[in-house]
Every structure is written in structure tokens, then in C-alpha cells.
There are 2 protein chains.
Amino acid sequence: MPASERLGSHLKRAEQALNATKTAVLKPAGLTVAQYAALLHLSDNPGISAAALARLCGVTPPTMNTVLKNLQDRGLITRSPHEWHRNVLETRLTDEGRAVMTDADTAAVRVERALAAEFTDAERGTLTGLLARCVRVLEEQRPGSS
Amino acid sequence: MPASERLGSHLKRAEQALNATKTAVLKPAGLTVAQYAALLHLSDNPGISAAALARLCGVTPPTMNTVLKNLQDRGLITRSPHEWHRNVLETRLTDEGRAVMTDADTAAVRVERALAAEFTDAERGTLTGLLARCVRVLEEQRPGSS
DNA sequence: AAAGCTACATTAGAGCTCTAATGCTCGCTA
DNA sequence: TAGCGAGCATTAGAGCTCTAATGTAGCTTT
């Protein structure tokens with residue numbers, strides 16, 4: 001089966017392009033794509049736990065732990081014990097984190113707008129619909145989807 | 001800008017699903033997704049250089065170097081100096097590499113077929129077309145595309 | 001012939017990602 | 001009340017990925 005016939009190849013290429021562009025536009029803000037994603041969801045959910053943040057970002061808790069450690073070392077977030085659940089750490093943006101996030105978000109949204117502008121409303125709907133079907137089929141193919 | 005409106009989110013989710021499924025189906029063969037991609041292109045291009053293989057796989061030479069080192073340690077490939085260009089290493093599959101590749105390819109193609117079966121010919125064409133436009137726009141947004 | 005350009009290979013270092021395993025705390029149940 | 005299960009955090013280890021820098025070989029240009 002030639003690579004050009006594999007839908008996966010096209011999907012991968014598109015995601016690679018997305019990632020490369022996001023990496024490039026986030027570089028001036030000093031953030032990686034993963035760090036931006038974490039800060040983005042964090043700004044919408046102050047005090048969220050690392051595990052819950054991991055779920056929102058679609059990664060595992062140890063992965064999020066790595067990302068948060070780097071963000072904390074740079075002073076962009078704080079992690080403090082939860083009042084009641086002593087085992088849970090509440091993660092929050094610092095003032096500097098908010099500033100960096102605002103800066104990065106401007107660049108990231110610019111890319112998203114350029115991407116959206118390429119398509120009509122109908123095309124966008126078609127694309128997201130087809131992608132959703134890809135996700136569904138792929139998850140069905142995975143035994144671990146129980 | 002909410003995450004649900006970002007085309008990038010849908011793209012990322014689809015690629016994550018693809019990667020997760022491929023990782024799962026390749027696990028019995030003992031290969032990672034990156035290793036499978038390298039072996040796949042290697043089987044079509046015997047004796048190719050690592051740099052050329054990196055281009056085919058859409059990664060950088062150091063990345064391919066890492067992947068090839070692991071494959072070589074497991075005896076699935078050999079790397080020998082080129083006859084004329086002494087600075088180039090020819091990479092080739094070993095017999096065991098070919099066997100593992102055949103095994104892995106069966107599983108990988110099964111996923112691709114399931115994915116293709118979800119769509120009509122027209123839908124497949126639409127999807128690849130839309131994805132190609134995503135790639136084009138994203139590369140235009142990237143200054144480093146010179 | 002010497003210089004420079006191009007391409008390949010490699011190392012170093014940072015960061016993301018996963019699985020597996022461990023330890024903790026809370027709340028529920030026997 | 002004692003234990004048990006669920007959820008959170010973390011460490012360890014393997015692997016992929018990038019940028020930056022270094023070294024080498026071959027070819028081209030002066």
C-alpha cells in the first residue's frame with residue numbers, strides 16, 4: 001500500500017505543519033506548544049488539578065507533570081496544596097504567567113484565524129466532521145478503547 | 001477564542017487518535033510508530049542515506065539518527081559506508097528487519113484500510129484536499145518557509 | 001591548486017511523550 | 001472501625017523530537 005494512498009499520511013503531514021507553525025509563532029513568547037496548551041486551559045480553569053489538566057490537554061499525568069515542572073521553574077505558575085484534599089495540588093497562573101499567556105495567545109489565535117479564513121463555513125464543517133469520523137474509526141480499531 | 005472553534009484542535013485530536021491506534025497495533029511487532037515509518041520507507045529505498053530517509057519521514061537528521069540507532073541495536077538494519085562517497089552510510093534492512101517489517105505492515109495496513117473504508121471515494125478526496133489546503137496555509141504563516 | 005559550498009553524519013542539550021510502578025489521601029463499605 | 005477502592009502526584013526509564021554546533025568528504029569555482 002503506497003504512502004500516498006494512506007489517509008494517515010495526509011493527517012500526519014497536516015498535523016506536522018500545524019505543529020511546526022505553532023512552534024515558530026510561540027517561540028518569541030518563549031513557550032512550547034505543550035506549554036501553551038497547558039496555560040490556555042489553565043487560564044480557563046484556575047486551581048485545576050494536574051490530572052484534570054492532563055485530561056483536557058489529552059496527555060497523561062506524568063507528561064503534564066513534566067510540562068508543569070518546567071512552567072513552575074520559570075515562575076509562570078504556582079502549585080499549592082488544596083485546602084481540603086491535601087493530596088491535590090492546585091495549579092494557578094502567576095501574574096507573569098498571565099502576561100506570557102496573553103502574548104502567546106495573540107500569536108496562536110492569529111494562526112487559527114488564518115487557518116479558518118482559508119475555508120468557507122461549509123468547508124470548516126465538512127473538515128471537522130470528517131476528522132471526527134476519523135477519530136471514531138480509529139478508536140474503534142483500538143482494543144484499548146474499552 | 002474557544003478551543004472548540006479552533007481547527008487546530010480537531011486536527012490535533014485526529015492525529016492523536018491516529019498515533020495512539022498505530023502505537024497500539026504496532027506494539028505486538030515491537031516497533032514504535034517512528035521505527036515503522038523508517039522501515040517502511042527503507043524497504044522501498046534500499047541503501048538510502050539517513051538524511052534522505054529523514055526527509056521522507058518528515059523529521060530532522062538527528063531524529064532519524066536516534067531512530068536508526070535503536071533499530072541497529074536491535075539488529076533490524078545495517079549501516080555500511082558507501083563505496084564512493086565515504087562520508088555516506090548506506091542503510092539496509094536485515095533479514096530479521098524484513099520479517100518484523102512484514103509483520104508490522106500487516107497491522108498498519110489493516111488500520112489504514114479500516115480508516116479508508118469509513119469514507120466514500122469522494123469523501124476521501126475532499127478530506128485530503130482540505131488537509132492539503134491546511135498545510136499550504138500553515139506553511140505560508142510560517143516565516144521560516146523560505 | 002586552494003578556497004568555498006554543499007551534503008552527510010554525529011554529538012550535546014532541552015523538552016515532550018508514553019508505560020509501569022509507588023505512595024499518598026479521601027471517602028465508602030463491610 | 002478497619003479495610004478497600006478511586007483519584008492524585010510522582011519517579012524511573014525508554015523513546016522521539018527539535019535546535020545548535022562540529023567534523024568530514026566531495027564537488028565547484030576562482
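No hydrogens, no waters, no symmetry mates; every other heavy atom, side chains included, goes into these values. So you know, we letter chains A, B, ... as the sequences are listed, proteins then strands, and number each from 1.
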In numerical order, the residues of residues 64-78 of chain A whose heavy atoms come under 4.0 Å of DNA chain C are Thr66(A), Val67(A), Asn70(A)
Checking Glu90(A) now: which residues fulfil salt bridge (Lys or Arg N to Asp or Glu O under 4.0 Å) with it, not counting sequence neighbours? Arg92(A)
Taking for Lys27(A) and for Ala34(B) the nucleotide of DNA chain D with the nearest heavy atom, the one nearer the 5' end belongs to Ala34(B)
Using a 4.0 Å heavy-atom cut-off across all strands, classify Thr63(A) as base, sugar-phosphate, or nothing. base
For Ala29(B), check side chain to side chain contact (heavy atoms under 4.5 Å, CB included) against everything at least two apart and list the hits. Asp103(B), Ala104(B)
Students should find this one: the first and last nucleotides of DNA chain D, 5' to 3', lying under 4.0 Å from a heavy atom of chain B. What are they? dG15(D) to dG26(D)
Report the C-alpha separation of Leu7(B) and Glu112(A) in whole Å, then their side-chain angles, then the decisive distance to 0.1 Å, and conclude whether the side chain to side chain contact (heavy atoms under 4.5 Å, CB included) test is met. CA-CA 7 Å; Leu7(B) 279 179; Glu112(A) 283 289 345; 4.2 Å; yes
With sequence neighbours excluded, tell me which residues meet salt bridge (Lys or Arg N to Asp or Glu O under 4.0 Å) with Arg13(B). none
Work out which heavy atom in Ala3(B) is nearest to a heavy atom in Ser9(B); give both atom names and the distance. O-OG, 3.0 Å
Using atom names, set out every protein N or O paired with an N or O of nucleotides 24-27 of chain C below 3.5 Å, distance rounded to 0.1 Å.
| unit_1 | atom_1 | unit_2 | atom_2 | d |
| --- | --- | --- | --- | --- |
| dC24(C) | O2 | Asn87(A) | ND2 | 2.8 |
| dC26(C) | OP1 | Trp84(A) | O | 3.3 |

Measure across Leu68(A) and Ala50(A) and return the closest heavy-atom pair with its distance rounded to 0.1 Å. CD1-CB, 3.7 Å
Taking only residues two or more places apart in sequence or in another chain, which ones pass side chain to side chain donor-acceptor pair (under 3.5 Å) with Asp73(A)? none
For Gln35(A), the side chain to side chain contact (heavy atoms under 4.5 Å, CB included) test, sequence neighbours excluded, returns Leu31(A), Thr32(A), Val67(A), Asn70(A), Leu71(A), Arg74(A)
Heavy-atom contacts under 4.0 Å between residues 46-55 of chain B and DNA chain C, which residues? Ser49(B), Ala50(B), Ala51(B), Arg55(B)
Suppose the criterion is side chain to side chain donor-acceptor pair (under 3.5 Å): which pairs have a residue in residues 37-64 of chain A, not counting sequence neighbours? Thr60(A)-Thr63(A)
Quick one: side chains of residues 125-138 of chain A, donor-acceptor pairs under 3.5 Å with protein atoms, not counting sequence neighbours, listed by atom name and distance.
| unit_1 | atom_1 | unit_2 | atom_2 | d |
| --- | --- | --- | --- | --- |
| Thr126(A) | OG1 | Ala122(A) | O | 2.9 |
| Thr128(A) | OG1 | Arg124(A) | O | 3.2 |
| Thr128(A) | OG1 | Gly125(A) | O | 3.1 |
| Arg133(A) | NE | Glu118(B) | OE2 | 2.9 |
| Arg133(A) | NH1 | Glu123(B) | OE2 | 2.9 |
| Arg133(A) | NH2 | Glu118(B) | O | 2.8 |
| Arg133(A) | NH2 | Glu123(B) | OE1 | 3.2 |
| Arg136(A) | NH1 | Glu140(A) | OE2 | 3.4 |
| Arg136(A) | NH2 | Glu118(B) | OE2 | 2.9 |

May I ask whether Val33(A) and Leu93(A) are part of the same hydrophobic cluster, defined by side-chain heavy atoms of I, L, V, M, F, W, Y residues being less than 4.5 angstrom apart, directly or through others? yes
Contacts of Leu89(B) that satisfy side chain to side chain contact (heavy atoms under 4.5 Å, CB included) - sequence neighbours left out: Arg79(B), Pro81(B)
How close do Arg6(B) and Asp105(A) get, heavy atom to heavy atom, and via which atoms? NH2-OD1, 3.5 Å
